[in-house]
Amino acid sequence: MAVQTTAGNATTASVDLGPAVALSCRECGERFELGPLFACASCFGPLEVAYDLPTGSPEELRKRIEAGPNNIWRYAPLLPVPADVAEKPNINPGFTKLVKADNLARELGVTGGLYVKDDSGNPTHSFKDRVVAIAVEAARAFGFTTLSCSSTGNLAGAVGAAAARAGLRSCVFIPHDLEQGKVVMAAVYGGELVGIEGNYDDVNRFCSELIGDPLGEGWGFVNVNLRPYYGEGSKTLAYEICEQLGWRLPDQIVIPIASGSQLTKIDKGFQELIKLGLVEDKPYKIFGAQAEGCSPVSAAFKAGHEVVRPQKPNTIAKSLAIGNPADGPYVLDIARRTGGAVEDVNDEQVVDAIKLLARTEGIFGETAGGVTLGVTQRLIEAGVIDPALTTVVLNTGDGLKTLDAVSATSQATATIKPSLDAFRAAGLASA
């Protein structure tokens with residue numbers, strides 16, 4: 001649907017973002033025309049996309065979705081993108097595997113069905129490709145020429161790749177001490193990559209200043225001034241999981257928490273599917289996972305607080321190391337509303353969980369995946385997650401990006417001379 005938009009006092013050309021009709025404040029409900037806005041002018045609450053969603057038969061909509069491409073654009077009628085989005089140059093992420101993890105289920109004592117949604121299969125090997133693909137369409141609609149972000153690593157790579165594919169300039173900002181694999185993957189696409197001395201929250205503050213400066217003119221910051229559109233990409237995880245389960249909601253889902261946006265949008269995706277009649281309305285529980293060294297949301301949940309107190313990150317799970325998560329309070333609301341919880345695990349448990357997932361299912365997850373599985377294991381042992389129910393665990397990135405986490409304990413079993421005698425002497429022949 002084409003909509004005339006405004007940005008500040010300037011009126012821009014009419015834009016087509018499909019079923020998106022406005023931006024709505026999550027706090028006060030005030031509506032704004034579509035544009036590169038992220039905060040309510042009245043109460044400074046976060047803005048999110050409001051839609052004119054499809055009407056008619058759920059069966060026909062299911063058929064339309066199932067006939068679509070094997071990526072997130074099969075859900076274009078539910079996203080802030082033009083109807084012809086699949087024909088434009090984009091990295092086309094999504095429709096990654098939902099792995100029925102029977103080996104892992106036996107290890108954890110899960111009898112109700114355990115699934116791993118493995119988003120390491122995306123183009124830059126993390127779920128961030130989903131959110132950036134949506135942000136690129138908004139950047140095009142608003143006439144931006146440079147794509148940018150503040151990033152803990154995965155987003156930097158996704159922005160670099162998507163900008164290269166779309167023919168846009170990219171300039172992304174990261175903490176100076178990121179894992180080398182993520183630095184290389186962000187730099188290889190040819191855009192500018194800038195390390196900022198400090199942690200992610202320092203990087204994010206710098207980007208907020210740049211947006212308000214003439215230097216940032218024409219820049220689309222995917223997780224700042226394009227954040228309402230960017231965040232909608234995470235809904236596609238909810239859509240895919242339900243479709244891959246035979247158009248059913250999972251009973252329980254465990255989601256890693258960085259800013260908290262992914263968790264809130266997955267819940268939004270579930271609610272939209274219910275509203276559209278695409279899935280049966282039934283209870284589901286959402287659980288959030290954090291690393292102990294950066295667990296402000298987990299701490300607030302356990303203390304029964306409504307406010308999330310910022311922390312200084314100190315964890316190997318750097319992709320989740322956001323000490324002041326923007327969506328933290330909304331995560332608390334969703335976990336409590338659905339009967340879920342927010343929990344954390346230490347770095348040693350993260351490493352153990354990475355290796356457990358690799359050993360049982362052949363999936364090498366990055367540290368965020370270790371956090372999510374580690375929390376899942378902990379909540380099962382505590383009796384908080386019901387092992388008799390259908391449970392989905394998210395692996396949001398590829399372990400090749402965080403090799404340092406497991407390299408010390410993942411080496412060659414033995415080094416031998418090229419002879420059978422040496423092989424026998426090493427004790428491996430009957431192993």
Side-chain angles (χ1 to χ4, degrees), residues 70-72 93-130 154 234-246 248-258 262-263 265-266 269-270 284-291 317 319-320 340 343 345 349-381 384-402 405-406:
N70 287 328
N71 54 51
I72 63 172
F95 222 67
T96 54
K97 293 179 180 178
L98 183 68
V99 179
K100 193 168 190 300
D102 292 340
N103 297 330
L104 180 60
R106 282 191 291 271
E107 289 266 351
L108 300 182
V110 174
T111 58
L114 179 63
Y115 297 83
V116 176
K117 180 60 171 170
D118 185 15
D119 244 25
S120 66
N122 277 311
T124 70
H125 307 287
S126 91
F127 94 94
K128 291 295 188 181
D129 290 325
R130 297 174 180 273
N154 284 326
S234 288
K235 294 192 311 182
T236 61
L237 279 161
Y239 300 157
E240 287 178 20
I241 288 168
C242 290
E243 183 179 352
Q244 290 168 324
L245 287 174
R248 292 186 299 113
L249 290 164
D251 297 315
Q252 303 168 136
I253 184 168
V254 190
I255 304 168
I257 298 170
Q262 183 185 69
L263 187 148
K265 296 307 182 185
I266 287 175
F270 287 160
Y284 59 86
K285 294 183 179 181
I286 291 183
F287 299 89
Q290 293 203 291
S319 61
L320 303 182
E343 185 55 270
V345 286
Q349 292 167 316
V350 171
V351 173
D352 289 344
I354 291 172
K355 296 173 76 172
L356 174 62
L357 181 59
R359 174 172 59 81
T360 57
E361 298 298 340
I363 298 172
F364 184 18
E366 69 160 42
T367 47
V371 169
T372 309
L373 180 55
V375 164
T376 303
Q377 186 172 13
R378 185 168 186 176
L379 292 176
I380 290 171
E381 292 170 352
V384 178
I385 286 180
D386 188 342
L389 298 179
T390 301
T391 305
V392 174
V393 177
L394 266 58
N395 175 50
T396 52
D398 195 319
L400 292 174
K401 295 185 176 189
T402 56
V406 294

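A quick note: this is a predicted structure, and the numbers were derived from the prediction, not measured.
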Can you name the nearest heavy-atom pair linking [X] to [Y], along with the distance?
| X | Y | value |
| --- | --- | --- |
| Asn71 | Phe95 | N-CB, 4.0 Å |
| Ala353 | Leu373 | O-CD2, 3.4 Å |
| Glu361 | Val99 | OE1-CG1, 4.4 Å |
| Val375 | Val345 | N-CG1, 3.8 Å |
| Thr96 | Gln244 | O-NE2, 2.8 Å |
| Ser319 | Thr367 | OG-OG1, 4.4 Å |

Once rounded to the nearest 0.5 Å, what's the spacing between atom [atom1] of [X] and atom [atom2] of [Y]?
| X | Y | atom1 | atom2 | value |
| --- | --- | --- | --- | --- |
| Thr111 | Leu389 | OG1 | CG | 8.5 Å |
| Ile363 | Ile354 | CD1 | CD1 | 13.0 Å |
| Phe287 | Thr376 | CZ | OG1 | 9.0 Å |
| Arg378 | Glu343 | CZ | CD | 4.0 Å |

Applying ring pair (Phe, Tyr, Trp, His ring centres under 6.0 Å), name anything that partners Phe270, two or more places apart in sequence or on another chain.
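Counting only residues at least two positions away or on another chain, Phe270 forms a ring pair (Phe, Tyr, Trp, His ring centres under 6.0 Å) with Tyr284.
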
Please enumerate all residues that pass ring pair (Phe, Tyr, Trp, His ring centres under 6.0 Å) together with Tyr239, with sequence neighbours excluded.
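Testing Tyr239 for ring pair (Phe, Tyr, Trp, His ring centres under 6.0 Å), a comparison that skips the adjacent residues, returns Tyr75.
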
I'd like to check the side chain to side chain contact (heavy atoms under 4.5 Å, CB included) partners of [X]; sequence neighbours left out, ordered by chain and number.
| X | result |
| --- | --- |
| Ala105 | Val110, Leu114 |
| Ala258 | Leu320, Ile322 |
| Gln377 | Leu108, Leu356, Glu381 |

Any salt bridge (Lys or Arg N to Asp or Glu O under 4.0 Å) involving residues 237-246? Give me the pairs, sequence neighbours left out, ordered by first then second residue.
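Sorted pair list: Arg74-Glu243, Lys117-Glu240, Arg130-Glu240.
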
Residues two or more places apart in sequence or in another chain: which of them pass side-chain hydrogen bond (donor to acceptor under 3.5 Å, both in side chains) with [X]?
| X | answer |
| --- | --- |
| Ser120 | Asp118 |
| Thr391 | Gln252 |
| Thr372 | none |

Taking Asp129 as the fixed residue, which of Asn154, Thr124, Asn122 is the one that meets the side chain to side chain donor-acceptor pair (under 3.5 Å) rule?
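One option only clears the test, and that one is Thr124.
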
Okay, side chain of Asp119, backbone of Gly121: is any donor-acceptor separation there less than 3.5 Å?
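The answer is no, because no donor-acceptor pair under 3.5 Å joins these two groups.
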
Side-chain donor/acceptor of Ser234 to backbone N/O of Ile266, under 3.5 Å
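Not confirmed, Ser234 side chain does not pair with Ile266 backbone.
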
Under the salt bridge (Lys or Arg N to Asp or Glu O under 4.0 Å) test, which residues partner [X], sequence neighbours left out?
| X | answer |
| --- | --- |
| Asp251 | Lys282 |
| Glu107 | Arg359 |
| Asp102 | Lys100 |

Before you tell me yes or no, could you show the steps for Phe127 and Leu394 under side chain to side chain contact (heavy atoms under 4.5 Å, CB included), namely the whole-Å CA-CA distance, both residues' side-chain angles and the distance that decides it to 0.1 Å?
CA-CA 10 Å; Phe127 94 94; Leu394 266 58; over 6 Å; no

May I ask you to test the Gln262-Leu237 pair for a side-chain heavy-atom distance under 4.5 Å?
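Contact flag for Gln262/Leu237 side chains = yes.
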
Check against side chain to side chain contact (heavy atoms under 4.5 Å, CB included), Ser126 and Thr396
CA-CA 5 Å; Ser126 91; Thr396 52; 5.9 Å; no

